[in-house]
Number of protein chains: 2
Amino acid sequence: MKLSTKGRYGLKAMVDLAIHSQDKHIALKHIAQRQDISEHYLEQLIAVLRKSGLVKSIRGAQGGYTLALPPKEITVGDILRSLEGSLTPVDCVGEDPTSQCKEWDFCVTKDVWKKIGDKINEVVDSITLEDLIKDYEKINGEKEYMYYI
Amino acid sequence: MKLSTKGRYGLKAMVDLAIHSQDKHIALKHIAQRQDISEHYLEQLIAVLRKSGLVKSIRGAQGGYTLALPPKEITVGDILRSLEGSLTPVDCVGEDPTSQCKEWDFCVTKDVWKKIGDKINEVVDSITLEDLIKDYEKINGEKEYMYYI
DNA sequence: TTAATTCCTACTTTTACAGTCGGTTTTATA
DNA sequence: TATAAAACCGACTGTAAAAGTAGGAATTAA
C-alpha cells in the first residue's frame, strides 16, 4: 500500500516548478538536479503530467516547463491520480466500471475499500500546490539556497 | 497505491472465519475453497495472522482456525497492518523512526503523506469484524448457500 | 493406525518498478 | 546559418516484491 516513486517524484517536481517557474520556463535538468531525480526518468513522468494538462512545455534552447494552471488550481490529487492512476486501494472501487467483480452486489469488503478510497481522495483534493508553496516559505523563510521539498 | 492480495485475501479470510467459526474451528481448506484462494498461499497469510495474535489454531485431525478475539475486538486495521505493514503511503511517515529522511525538517510533502496515512488508519481502525458480519447478514439474509465476502 | 489437519522451508514464476540508452526534433542565439 | 540547448520518443534492462508451488514433518481425533 505504498505510493511508487512516480507519485513521490512527480509531486516534488510539481512543487519545485510551482516555486521556481513563476512566469518563466524551467529546464528539466534543473528540477532533476535540485530534487535529486534521474533526469531521464523524470522526463517520462513529466511527459505524463504534460499529457494530463498539468504542465506546459517550450521546446528548443532556453525552453523548459511551467505549470499549465495557477498553483491554486492544481491539487495534489490531480498530480497523484495522473501518475498513479486511481488512488483507491483496490481496482474494483475505482473509476473503471469494468473492473467490478461479478459478486459486487454481495461483497462486504468493497465498502471498506470504498471508504478508504473516498478519504484518500478527500485529502489529496483538498491540498493545492499553493498550499504547499506557503508551507515551503514558512519552513524555509528567505534562505535562497534551500531547495529541498 | 494498491493493496496487495495479502491484505485482500487476509480480510476475506478473517470475515469468513468470523461468520463460520462461532465457537468451533474451521479447516483452512474450507476457507480457501469458499473464498477461492490458493490453499498453500492462504496458509502463509494465516500464519502471519496467527503470529499477530488475531487467530488461534488447533493442529491435527478436526483441527482448524478460529478468531483469537471476539469479532468486535478485531478491526480491519489490525488485519491489514499485520499483513501489509504500515498503511502510510510512504515509509518516512510510518511507525519506524529510522526511515525518516535527513531533510525531514524541511520537507513539505511529508505533511501530505502524513494526512493520507492518518485518514487511512482512521477508517480501518473504525471498522470491526462485527460490523462486517452485520453487513454480510443484511446483504445475504438467510441464504445459507451464499458465501461470498 | 490412519487420515486429516496444521506447520515449515525452500523454490519458481510473473509482474511492476525504476531506471538506462540512444537517439530525433525543435528553437534561441552567437 | 551553424551550434548548442533543450524537449520529445521508443525500446531495452536489471531488480525486487508479489503471488503462488511443492514437498514434507509434526500433531491429533477417530
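Naming: A, B, ... by sequence-line order, numbering from 1 per chain.
Remark: A:Ser38 is in phosphate contact with C:dT20, judged by side-chain N or O atoms under 4.0 Å from OP1 or OP2. Remark: B:Tyr9 is not in phosphate contact with D:dA19, judged by side-chain N or O atoms under 4.0 Å from OP1 or OP2. In this structure, A:Lys6 reaches the C:dC17 phosphate: one of its side-chain N or O atoms is under 4.0 Å from OP1 or OP2. Regarding contacts with the backbone of D:dA5, every side-chain N or O of A:Lys29 stays at 4.0 angstrom or more from both OP1 and OP2. Side-chain nitrogen and oxygen atoms of A:Tyr41 include none within less than 4.0 Å of the OP1 or OP2 phosphate oxygen of C:dC17. Taking side-chain N and O atoms only, B:Ser57 has no distance below 4.0 Å to OP1 or OP2 of C:dT6. A sub-4.0 Å separation between OP1 or OP2 of D:dA19 and a side-chain N or O of B:Ser4 is present.
Across all strands, A:Ile46 comes closer than 4.0 Å to no nucleic acid atom at all (heavy-atom distances).
Atom pair A:Ile37:CD1 and C:dG19:P shows a separation of 9 Å (rounding to whole Å applied). As rounded to whole Å, 13 Å separates atom P of D:dT21 from atom CG of B:Leu45. Between A:Leu3 atom CG and C:dA16 atom P the separation is 17 Å, expressed in whole Å. In this structure, the CD atom of A:Gln44 is 11 Å from the C1' atom of C:dC17, given to the nearest Å. Between A:Ile58 atom CD1 and C:dT27 atom P the separation is 10 Å, expressed in whole Å. Separating the NE2 atom of B:His25 from the P atom of D:dA29 is a distance of 11 Å, rounded to the nearest angstrom. When the P atom of D:dA18 is taken as reference, atom CE of A:Met1 falls 14 Å away, rounded to whole Å. One can place CG of B:Leu42 at 12 Å from P of D:dT21, the figure rounded to the nearest angstrom.
The side chain of B:Ala27 approaches C:dT6 more closely than any other nucleotide in the set D:dA7, D:dG23, C:dT6. Picking from C:dC7, D:dC8, C:dA28 the nucleotide with the shortest atom distance to the side chain of B:Tyr65 gives C:dC7.
Salt-bridge formation is detected for the pair A:Arg81/A:Asp125: a Lys NZ or Arg NE/NH1/NH2 atom is positioned less than 4.0 Å from an Asp or Glu carboxylate oxygen. A salt bridge is defined here as a Lys NZ or Arg NE, NH1 or NH2 lying under 4.0 Å from an Asp or Glu carboxylate O, and A:Asp118 with A:Lys114 meets this definition. Ion pairing between B:Lys134 and B:Glu137 fails under the 4.0 Å rule for side-chain N and carboxylate O.
Within 6.0 Å of the NZ atom in B:Lys102, the count of heavy atoms belonging to other residues, nucleotides or ligands does not exceed 12.
Where A:Arg59 and B:Arg50 meet DNA chain C, the nucleotide closest to each residue was compared, and B:Arg50 sits on the side nearer the 5' end. For A:Gln62 and A:Ala47, each mapped to the nucleotide of DNA chain D holding its nearest heavy atom, the one lying further toward the 5' end belongs to A:Gln62. Each of A:Gly64 and B:Glu84 was matched to the nucleotide of DNA chain D holding its nearest heavy atom; the match closer to the 5' end belongs to A:Gly64.
With hydrogens and angles left out, the side chain of B:Glu43 and the base of C:dC8 share a donor-acceptor pair within 3.5 Å.
With B:Glu84 contributing its side chain and B:Gly7 its backbone, the two residues share a donor-acceptor pair below 3.5 Å.
Pairing each heavy atom of A:Ser82 with each of A:Leu54, the nearest pair is CB-CD1, 4.2 Å.
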